[in-house]
Asker: 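The structure's right below; bear with me while I get my questions together.
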Amino acid sequence: MPEGHTVHRIAGLFRDVFQGQSVAASSPQGRFHDGAQLISGSVLERAEARGKQLFLHFERDRIVRVHLGIYGAWDVMTLHGESVRAGSPQTLSLGAPRATRRRIGEREESFDADEPFPPAPRGAVRLRLETLDVVADLRGPTACEVQTPEEVAAVMARLGPDPLLDKGIRGQREFVRRVSSTSRPIGMVLMDQAVVSGIGNVYRAEILFRHALDPYRPASSLPEETVVTLWKDWAKLLADGVKTGVMLTRHDLDASGRTRALRVAKDRYFVYKREGLPCRVCGTHVQMALMATRKLYFCPHCQAS
DNA sequence: CATCGATGTTGAG
DNA sequence: TCAACCTCGATGG
């Protein structure tokens, strides 16, 4: 599911396949019918992510803002093979070219779909974006709406820095300022999109473990140097996540362990979803507690104050 | 078949 | 603090 890395991957993929092209838009499910009509046939000028928010800039200052929420996902299907790509309608009708599907969101996967192109929408597709050789289906988003540049600016203004957009000292300083100015627990603060963009429940737990931090410790009590380290670590994890599509957060693995963890979810994390299992560092049982309705995982020994 | 849970946010009280 | 919302795969009977 979507933490910041997923959304940046989608933005990158959309730049590759849609940017500069006229895109047909529809809402097979019907719930985004009017919005789809507003943009259908216009050129996608830009696709950008900020944290978990995706902005698709179409002509005439029409911007589609998408937030996947907890289970939203994009399904992207492309025809493969250049000859098919360039194919005329006759070529397409010559019989069921195979498509490659890429699911982006909860669980990413690629597979050959044994079906004609473009495939019929499956399930509740809120928004379908389509060119001659690419179809992207959006399901289950928390938000999908057409906004003006002013509305987009207002959303952006409420978001904390994103390491991929606010590189260098400016983003870092902003992060330090926002973390240090609140006494709420650091475990809550890292999840607050107004403090920093893109961190979700998985990265939150893993980052805290990687820095041996007690999730309940007041954010303002952390030394500035620790906060700077957190920012740099998030920047690295995010860059890795965008590259691989996987939240691999363990720095205790050799090359083969890493390869395995990329494949096997159970091996992927230090503490996330490992309640009751031995801490990978000290063997203490990993604990789970609710923090503001979300499940928080941590090692009570390694992460003691 | 029904129920549950998930990498999230919003808004009411 | 809590319910509502959005969708689907996993789990249980």
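Fair warning: this is a prediction, and the values are worked out from it, not measured in the lab. So that the names make sense, note that chain A is the first sequence line, chain B the second, and so on, each numbered from 1.
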Asker: Are the side chains of A:Q303 and A:P215 in contact, using a 4.5 Å heavy-atom criterion?
Answerer: yes
Asker: Which one of A:Q53, A:H8, A:Q193 satisfies the side chain to side chain donor-acceptor pair (under 3.5 Å) criterion with A:D162?
Answerer: A:H8
Asker: Could you check if a side-chain atom of A:Y203 sits within less than 4.5 angstrom of a side-chain atom of A:L190, using non-hydrogen atoms only?
Answerer: no
Asker: Crowded around A:H285 NE2? As in, over 12 foreign heavy atoms under 6.0 Å?
Answerer: no
Asker: Atom CE of A:M291 to atom P of C:dT1: distance rounded to whole Å?
Answerer: 11 Å
Asker: Indicate, with a heavy-atom threshold strictly under 4.0 Å, whether A:R126 touches base, sugar-phosphate, or nothing.
Answerer: sugar-phosphate
Asker: Show every ring pair (Phe, Tyr, Trp, His ring centres under 6.0 Å) that has at least one partner inside residues 169-199 of chain A, sequence neighbours left out.
Answerer: A:F175-A:W231
Asker: The side chain of A:K295 lies closest to which of these nucleotides: B:dA6, B:dG8, B:dT7?
Answerer: B:dA6
Asker: Which parts of residues 184-201 of chain A get close to DNA chain B, meaning a heavy atom less than 4.0 angstrom away?
Answerer: A:Q193, A:G200, A:N201
Asker: Output the rounded distance in Å from CG (A:L68) to C1' (C:dC8).
Answerer: 14 Å
Asker: What is the distance, rounded to the nearest whole Å, between atom CD of A:E3 and atom C1' of B:dT9?
Answerer: 14 Å
Asker: Can you measure A:L296 atom CG to B:dG8 atom P for me and round it to whole angstrom units?
Answerer: 13 Å
Asker: Closest to the A:K52 side chain: C:dC2, C:dT7, B:dG8?
Answerer: B:dG8
Asker: Considering only atom P, compute the distance from B:dT7 to C:dT11 and round it to an integer number of Å.
Answerer: 16 Å
Asker: Give me the residues of residues 262-277 of chain A where at least one heavy atom lies under 4.0 Å from an atom of DNA chain B, by number, or none.
Answerer: A:Y272, A:K273
Asker: Among residues at least two apart in sequence or on other chains, which ones pass ring pair (Phe, Tyr, Trp, His ring centres under 6.0 Å) with A:F298?
Answerer: none
Asker: Return no unless some side-chain N or O of A:R294 is found under 4.0 Å from OP1 or OP2 of B:dT7.
Answerer: yes
Asker: Measure the distance from CZ on A:R204 to C1' on B:dA6 and round it to the nearest whole Å.
Answerer: 14 Å
Asker: Which nucleotide in the set C:dT7, B:dA6, B:dG8 lies at the smallest distance from any side-chain heavy atom of A:R31?
Answerer: C:dT7
Asker: Please give the distance between the P atoms of B:dG13 and C:dC5 as a whole number of Å.
Answerer: 14 Å
Asker: Taking C-beta and beyond as the side chain, do A:L138 and A:C144 meet within less than 4.5 Å on heavy atoms?
Answerer: yes
Asker: What is the separation between atom NE2 on A:H5 and atom C1' on B:dT7, rounded to the nearest whole Å?
Answerer: 8 Å
Asker: Return the set of residues passing side chain to side chain contact (heavy atoms under 4.5 Å, CB included) with A:Q21 (not counting sequence neighbours), or none when no residue passes.
Answerer: A:T131
Asker: Looking at A:H57, I want to see if its NE2 is surrounded by more than 12 non-hydrogen atoms of other residues, nucleotides or ligands under 6.0 Å.
Answerer: yes
Asker: Please confirm whether A:H251 and A:F209 have ring centers closer than 6.0 angstrom.
Answerer: no
Asker: Output the rounded distance in Å from NE2 (A:H67) to P (B:dG11).
Answerer: 13 Å
Asker: Run through DNA chain B and report every stem of 3 or more consecutive Watson-Crick or G-U pairs, distances under 3.5 Å, ordered by first number.
Answerer: B:1-6 with C:7-12, B:8-12 with C:1-5
Asker: How long is the gap from OG1 on A:T249 to CG on A:D240, to the nearest 0.5 Å?
Answerer: 10.5 Å
Asker: State, to 0.1 Å, how close A:M291 and A:P185 come at their nearest heavy-atom pair, and which atoms those are.
Answerer: CE-CB, 4.0 Å
Asker: Give the rounded distance in Å between these two atoms: CG of A:L290 and C1' of C:dC2.
Answerer: 13 Å
